Amino acid sequence: MLNVLVLVSGGGTNLQAILDSITDGRITDAQVVGVISNNPKAYALERAKAAGIPGQCISPKNFGTREEFNAEFLKAVQSYEPDLIVLAGFLVVIPPEMIAEYRNRIINIHPSLIPSFCGTGYYGLKVHEAALDRGVKVVGATVHFVDEGTDTGPIILQRAVEVQAKDTPEILQKRVMEQAEWKILPKAIDLIAHGKVCVTDGRAIIEE
Ligand code: GRF
């Protein structure tokens with residue numbers, strides 16, 4: 001059984017997709033053991049509560065220095081003894097010591113086809129605004145392992161989504177979530193739970 005810790009900052013629709021996938025059997029041999037948010041008002045915490053999963057808030061705002069926060073954040077994460085950490089819309093930079101301790105055991109969902117529209121500053125609606133500004137016809141989402149860079153780790157799964165003529169950033173964001181994010185994030189967790197993902201030479205290899 002893969003013990004999964006989910007880190008969130010907002011609405012938690014990706015968390016919900018994970019929980020629903022466990023309930024309906026699209027993810028097997030995995031359970032969510034906890035949810036950590038940096039935002040006390042994140043609706044994701046309500047979703048955790050409704051599912052009977054321990055949730056807690058730990059925010060850099062409540063610490064004098066980033067080092068103090070990083071140390072307490074790492075302790076909080078370790079307390080769940082996770083096999084896999086899932087960043088599901090988590091907006092805090094992961095401390096390097098956490099990346100080192102959980103190398104290739106932290107995954108992130110990013111709402112673009114990496115390497116397009118990713119890296120510093122590309123988060124939330126900004127990603128979709130940039131895609132529409134550039135006039136691309138295909139967008140999508142990516143699940144990748146987290147390394148020391150921003151959106152630079154080994155890519156596990158991607159799914160493409162078509163842009164439509166009347167799209168606004170909000171409409172496009174919703175379609176990318178529905179058609180890509182909520183599908184590939186649970187799928188990646190299921191693959192990892194069954195030992196089907198390995199990283200070789202900086203690339204994730206999937207055994208189907
Ligand atoms: C998603 O678009 C995710 O790709 C991005 O942040 C958003 C989180 O949404 N990193 P939610 O909190 O899962 O609803």
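Atoms within a ligand are numbered from 1 in the order they appear, just like the ligands themselves. Owing to the predicted nature of the structure, the values given are computational and were not obtained by experimental measurement.
- Within the 4.0 Å heavy-atom criterion, neither part of Gln173 lies near ligand 1.
- Considering only non-hydrogen protein atoms, atom 14 (O) of ligand 1 sits nearest to Thr13 OG1, 2.6 Å.
- The side chain to side chain contact (heavy atoms under 4.5 Å, CB included) test with Ile171 singles out one residue from Lys174, Arg175, Gln173, and that residue is Arg175.
- Within the structure, every pair that satisfies the ring pair (Phe, Tyr, Trp, His ring centres under 6.0 Å) test and touches residues 27-69, not counting sequence neighbours, is listed here: Phe63-Phe69, Phe69-Phe73.
- In this structure, a donor-acceptor pair under 3.5 Å is present between the side chains of Thr28 and His194.
- Counting non-hydrogen atoms of neighbouring residues, nucleotides and ligands closer than 6.0 angstrom, the CD atom of Glu81 reaches no more than 12 such neighbours.
- In terms of protein heavy-atom proximity, atom 6 (O) of ligand 1 is nearest to Gly89 CA, 3.5 Å.
- Within ligand 1, the atoms closer than 4.0 Å to a non-hydrogen atom of Met177 are 1 (C), 2 (O), 9 (O), 14 (O), numbered from 1 in the order shown.
- At a cut-off of 3.5 Å, with distance as the only test, no side-chain donor of Asn39 or Ser9 sits close to an acceptor on the other residue.
- Among Gly12, Ala17, Ser9, the residue whose heavy atom lies closest to atom 12 (O) of ligand 1 is Gly12.
- Shown in contact with Pro111 at under 4.0 Å from a heavy atom are these atoms of ligand 1, numbered in order with element: 4 (O).
- Distance from atom 4 (O) of ligand 1 to its nearest protein heavy atom, with residue and atom name: Glu181 OE1, 2.7 Å.
- Residue pairs meeting the ring pair (Phe, Tyr, Trp, His ring centres under 6.0 Å) criterion with at least one member in residues 163-190, sequence neighbours excluded, do not occur.
- Put simply, part of Ile109 is less than 4.0 Å from ligand 1, judged by heavy atoms.
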